[in-house]
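Every chain is numbered from 1, with letters handed out A, B, ... down the list of sequences.
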2 protein chains.
Amino acid sequence: MEDQAALARDDHGQIIFDVLAQACPSRETMEHITSRWGILALIALSEGTYRFNALRRRVSGVSEKMLAQTLQALERDGMVHREAQVTIPPKVEYSLTPLGREAARHLYGLIEWLEGEMPSVMDARAAHDRSRAGA
Amino acid sequence: MEDQAALARDDHGQIIFDVLAQACPSRETMEHITSRWGILALIALSEGTYRFNALRRRVSGVSEKMLAQTLQALERDGMVHREAQVTIPPKVEYSLTPLGREAARHLYGLIEWLEGEMPSVMDARAAHDRSRAGA
DNA sequence: CGGCATCCTCTAGGATACTG
DNA sequence: CAGTATCCTAGAGGATGCCG
């Protein structure tokens, strides 16, 4: 297994080792963008600018609290831009920063691939469940 | 906002809409592979075959329970191949299926990009915290 | 409208002990 | 070694109410 670790470093560089170590600072950001609502917020915002409640309607199933929380984390990480007009009623617009657009692009590729492979996934599940039932 | 949704569909096709809807069957698989331990297990296994405890040591911080649970979900989704020898002591080897290798490749791209952008993220955080403190 | 704050629930996830 | 089963806690996440 030492060989495998060494091989991995040769193939891919240092990155793999970093991520698998727990003190890695990127784990936190990674979890922000790959969290349940983080992914969906980024994908939704890749469509364009949204106001808070419009975004909430777009990302179906998200609660007010979780959306606010998610957006704050993404804003702090520099993925989301928040533009607030202090009027009555208030108007707050959310959009992606260049960094956020890159993140969304990566996530988009993953989703697109997965959607295409879902038939394979469903087949694998059926086969798996069948062999379990048969045993 | 209707225009934005329509625009998104034109640009990217049906996929965005599917994912943002909650009944979407791919959300579940998506969460398996982008979950905290799902990502790390896939990345680790992209290095090669691992036995259970070796994998657990490789993915630092994962508990026995969560690793077993994660691997079962990924196996059922057809991402991970499990090869068990019924000997004493038992020997179980885990590796990626072609599907799993593709998933790992996408995740790897995301991680690699994020690692490279971490300085920007840290800067954004510092700026954000500073403006909050100043206000 | 866009939020905090509060309360409550439920599950992800860790620790421990046991089994084949 | 590779799990399963049990117990328990911490945090995710929803519902509600209030404020600028």
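Note: CZ (A:R36) to P (D:dG11) measures 19 Å, nearest angstrom. To the nearest angstrom, C1' of D:dG13 lies 13 Å from CD of B:E31. At whole-Å resolution of the value, CD in A:Q69 and C1' in C:dG2 are 16 Å apart. Going from atom NZ of A:K65 over to atom C1' of D:dA12 covers 7 Å, rounded to whole Å. Whole-Å rounding puts the B:L67 CG to C:dA12 C1' distance at 15 Å. Going from atom CE of B:M66 over to atom C1' of D:dT6 covers 16 Å, rounded to whole Å. Look at NZ on B:K91: it is 14 Å from P on D:dG3, rounded to the nearest Å.
Of the side-chain N and O atoms in A:R82, one or more sit less than 4.0 angstrom from OP1 or OP2 of C:dG3. The side chain of B:Y94 contributes an N or O atom lying less than 4.0 Å from OP1 or OP2 of D:dG3. Between A:Y50 and C:dC1 there is no side-chain polar atom (N or O) within less than 4.0 angstrom of OP1 or OP2. A close approach under 4.0 Å does not occur between any side-chain nitrogen or oxygen of B:R51 and OP1 or OP2 of D:dC1. Contact annotation: A:N53 reaches the phosphate of C:dG2 (side-chain N/O to OP1 or OP2, under 4.0 Å).
In terms of modelled atom types and a separation under 3.5 Å, the side chain of A:T49 and the main chain of A:E93 share no donor-acceptor contact. Side-chain atoms of A:T29 never come within 3.5 Å of backbone atoms of A:S26 as a donor-acceptor pair (strictly under, hydrogens ignored). Looking at A:R82, its side chain never comes within 3.5 Å of a backbone N or O of A:V92 through a donor-acceptor pair.
Residue whose closest nucleotide on DNA chain C sits further toward the 5' end, between A:F52 and B:R56: A:F52. Of the two residues contacting DNA chain C, namely A:V92 and B:E64, the nearest-nucleotide position lying further toward the 5' end is that of A:V92.
Side-chain atoms of A:Q72 and base atoms of C:dC4 include no donor and acceptor less than 3.5 Å apart.
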Exercise. Would you sort out whether B:I111 and A:T34 count as a side-chain contact (heavy atoms from CB on, under 4.5 Å), showing the intermediate values?
Key: CA-CA 11 Å; B:I111 291 173; A:T34 62; over 6 Å; no
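Minimum atom distance to the side chain of A:P90 is reached by C:dG2, of the listed D:dG13, C:dG2, C:dG14.
Note that CD1 of A:I39 is 14.0 Å distant from NE2 of A:H106, once rounded to the nearest 0.5 Å.
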